[in-house]
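Just below is one structure, and these are the notes that go with it.
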Amino acid sequence: MVTSVHEFDALVLGAGAAGLLCAIEAGKRGRRVAVLERTDQIGKKILISGGGRCNFTNIHCRPENFLSANPHFAKSALARYTPSDFVALVEKHRIAYHEKTLGQLFCDRSAQEITNMLQAECRDAAVEIFLNAKIQDVKHTTGFVVCAESCEFRAPVLVVATGGLSIPKIGATSLGYDLARQFGLKIVRTRPALVPFVLANKDQRHYCGLAGVSADVAVSTDHQSFREKMLFTHRGLSGPAILQISSYWERGHPLRIDLAPNQEVTSSIREAKTRNLTSARAAFLGVLPKRFAECWLELHAPESWTNQDLEKLEREVHEWAVVPADTEGYDKAEVTAGGIDTDELSSKTMESRNVRGLFFIGEVVDVTGHLGGFNFQWAWASGAAAGRAL
Ligand SMILES: Cc1cc2nc3c(=O)[nH]c(=O)nc-3n(C[C@H](O)[C@H](O)[C@H](O)COP(=O)(O)OP(=O)(O)OC[C@H]3O[C@@H](n4cnc5c(N)ncnc54)[C@H](O)[C@@H]3O)c2cc1C
């Protein structure tokens, strides 16, 4: 039984990065906005992001830092709400931050400062936030009606900002995709991205004893390459280079790992007085951590020490082919790739082309950033694009 009916100009589903920024922009323009959040807290992903310090943007943000079936879609929103716009907000709230590496901006103290800032901005813009809202049904007649247990929320505009499927234990649900289906919008197949790999049993036996060891590598698929750190885990591979390439990986395909980017490893073996395992070990210790060097060499020792076999070894060092068994899935994925097909949305406002008043923003849309603050920048930018159009 409905015991209360709330009327607003706009309803935003999800109090994450995109939903909150959208609500703030719309509220500042005088719209009466309600944000409905399933959990008991706003911005839970912001709080756990960047190891608790939130890598809130990247000053080198470019459209090339995003994956989407339509690589042009994100350009307009990203151009109209830039990293400097978000930095201006952070500075207005006197939040101390620093550039860690490669343009990645982090809070000096805590991610909580970002959620506090968003909460304060919501308060100033008279945005009403409803926590623990258990949404059961969304109806569309002349406007939208959202039923949440005994409450009914009504508005002519509905913004879906419920995020992706990653980390279900802190509140991720499929509501955004379910609503897209309900309203007849196409969805690009979703998959875990920025996610560690699980190695096949044989490779696990060979390499997972190295858990905790990391190396500077270049990892490639057919069309992409990332040079950063790779880390062995108890089940497979992780670290920034691996998380980045995971967004491009297709099941069954190999990763090509260059263990010594821009270096020649075997020249010192060739020049050694005696070519043997000892001179090879010395050469590999120059480029890889000791345990990894020894383990890899043991498994890839050449049949002989001829120039031909050393050339083969050199090629293998730069193109070590590994076929992961799987990824660690949504439980460990930082984001969800795929999502609402961008062909369904206006790139300027994020409004559905066919259902007037229905908007999709943030991670639920088929726009996925690289590691390094790009996913938040997309959340802020797409949130601002919609918020300014309400
Ligand atoms: C561990 C981790 C670390 C990360 N670190 C970074 C980082 O440092 N930098 C970076 O750029 N990106 C980072 N990301 C990615 C980033 O957090 C997301 O891309 C971003 O939060 C997406 O914003 P969003 O608003 O679209 O979705 P979310 O922030 O996920 O917000 C969605 C909101 O909707 C709510 N919701 C879901 N279902 C319902 C429902 N049925 N009813 C009502 N509400 C619902 C959720 O509870 C949530 O509050 C990280 C992700 C993870 C998992």
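When a ligand or atom number is given, it counts from 1 through the structure's own listing order. Bear in mind the structure is a predicted one, so any value in this text is a computation, not a measurement.
- Partner of His318 under the side-chain hydrogen bond (donor to acceptor under 3.5 Å, both in side chains) criterion, chosen from Glu314, Glu316, Arg315: Glu314.
- Among protein heavy atoms, the minimum distance from atom 6 (C) of ligand 1 is reached at Ser49 CB, 3.6 Å.
- Using the six-membered ring where Trp is involved, His98 and Phe106 have ring planes that are parallel, under 30° apart on the 30 and 60° scheme.
- Atoms of ligand 1 lying under 4.0 Å from any heavy atom of Gly362, numbered from 1 in the order shown and given with element: 26 (O).
- Residue, atom and distance of the protein heavy atom nearest to atom 25 (O) of ligand 1 are Ala18 N, 2.9 Å.
- When Gly19, Gly163, Ala17 are checked for heavy-atom proximity to atom 29 (O) of ligand 1, Ala17 turns out nearest.
- Ligand-side atoms of ligand 1 in range of Gly171: 37 (C), 38 (N), 47 (O), range being under 4.0 angstrom from any heavy atom.
- At a heavy-atom distance under 4.0 Å, no atom of Trp378 approaches ligand 1.
- The protein heavy atom nearest to atom 1 (C) of ligand 1 is Ile48 CD1, 3.6 Å.
- Counting protein heavy atoms only, atom 34 (O) of ligand 1 is closest to Gly14 CA, 3.3 Å.
- Residue contacts with ligand 1 do not include Leu13, since none of its heavy atoms lies under 4.0 Å from the ligand.
- Counting atoms of ligand 1 from 1 in the listed order, those under 4.0 Å from a heavy atom of Ile135 are 42 (N), 43 (C).
- Between the side chain of Thr190 and the backbone N or O of Gly339, no donor-acceptor pair lies under 3.5 Å.
- By the 4.0 Å N-to-carboxylate-O rule, Glu25 lies too far from Arg29 to be salt-bridged with it.
- For Val335, every heavy-atom contact with ligand 1 shorter than 4.0 Å involves the side chain, none the backbone.
- Side chains of Val33 and Val12 form a contact here, defined as non-hydrogen atoms less than 4.5 Å apart.
- Evaluated by nearest non-hydrogen atom to atom 39 (C) of ligand 1, the leading choice among Val160, Leu105, Thr173, Leu21 is Thr173.
- Considering only non-hydrogen protein atoms, atom 17 (O) of ligand 1 sits nearest to Phe376 CZ, 3.4 Å.
- Assignment of Ala161 to the shell around ligand 1 is supported, since a heavy atom sits closer than 4.0 Å.
- Contact annotation: Gly373 has at least one heavy atom less than 4.0 Å from an atom of ligand 1.
- Asp326 has a carboxylate O that lies under 4.0 Å from a charged side-chain N of Arg251, or vice versa, which qualifies the two as a salt bridge.
- For ligand 1, the atoms closer than 4.0 angstrom to any heavy atom of Glu363 are 18 (C), 19 (O), 20 (C), 22 (C), 26 (O).
- Rounding to the nearest 0.5 Å places CG of Asp216 at 9.5 Å from CG of Asp258.
- In the model, Glu121 has a side-chain atom that pairs as donor or acceptor with a side-chain atom of His93 under 3.5 Å.
- Nearest non-hydrogen protein atom to atom 31 (O) of ligand 1 is Gly16 CA, 3.3 Å.
- Side-chain atoms of Gln377 and Thr57 form a donor-acceptor pair, as typed in the model, at a separation below 3.5 Å.
- In this structure, atom 44 (N) of ligand 1 lies nearest to the protein heavy atom Arg38 N, 3.2 Å.
- Using a 4.0 Å cut-off to heavy atoms of Leu36, the atoms of ligand 1 that qualify are 43 (C), 44 (N).
- A donor-acceptor contact shorter than 3.5 Å links the side chain of Arg53 to the backbone of Arg109.
- Taking the six-membered ring where the residue is Trp, Phe232 and Phe292 present perpendicular rings, their angle passing 60° and hence far from 30°.
- The ligand atoms of ligand 1 that sit less than 4.0 angstrom from a heavy atom of Gly50 are 5 (N), 8 (O).
- With Thr368, Thr57, Asn375, Ile167 as candidates, the residue nearest to atom 53 (C) of ligand 1 on a non-hydrogen basis is Ile167.
- Residue Glu303 places its CD atom among 12 or fewer non-hydrogen atoms of other residues, nucleotides or ligands, all under 6.0 Å distant.
- Within ligand 1, counting atoms from 1 as listed, the ones closer than 4.0 Å to a heavy atom of Phe374 are 11 (O).
- Asp178 has a carboxylate O that lies under 4.0 Å from a charged side-chain N of Arg181, or vice versa, which qualifies the two as a salt bridge.
- With hydrophobic clusters built from ILVMFWY side chains whose heavy atoms lie under 4.5 angstrom apart, Val265 shares a cluster with Val219.
- Within ligand 1, counting atoms from 1 as listed, the ones closer than 4.0 Å to a heavy atom of Thr39 are 47 (O).
- At a 4.0 Å heavy-atom cut-off, ligand 1 touches Asn55 through backbone and side chain alike.
- Between atom CG of residue Asn58 and atom CZ of residue Phe376 there is a gap of 13.0 Å, rounded to the nearest 0.5 Å.
- Ligand 1 is approached by Glu334 to a heavy-atom distance shorter than 4.0 Å.
- For atom 49 (O) of ligand 1, the nearest non-hydrogen atom from the set Glu37, Gln41, Lys44 belongs to Glu37.
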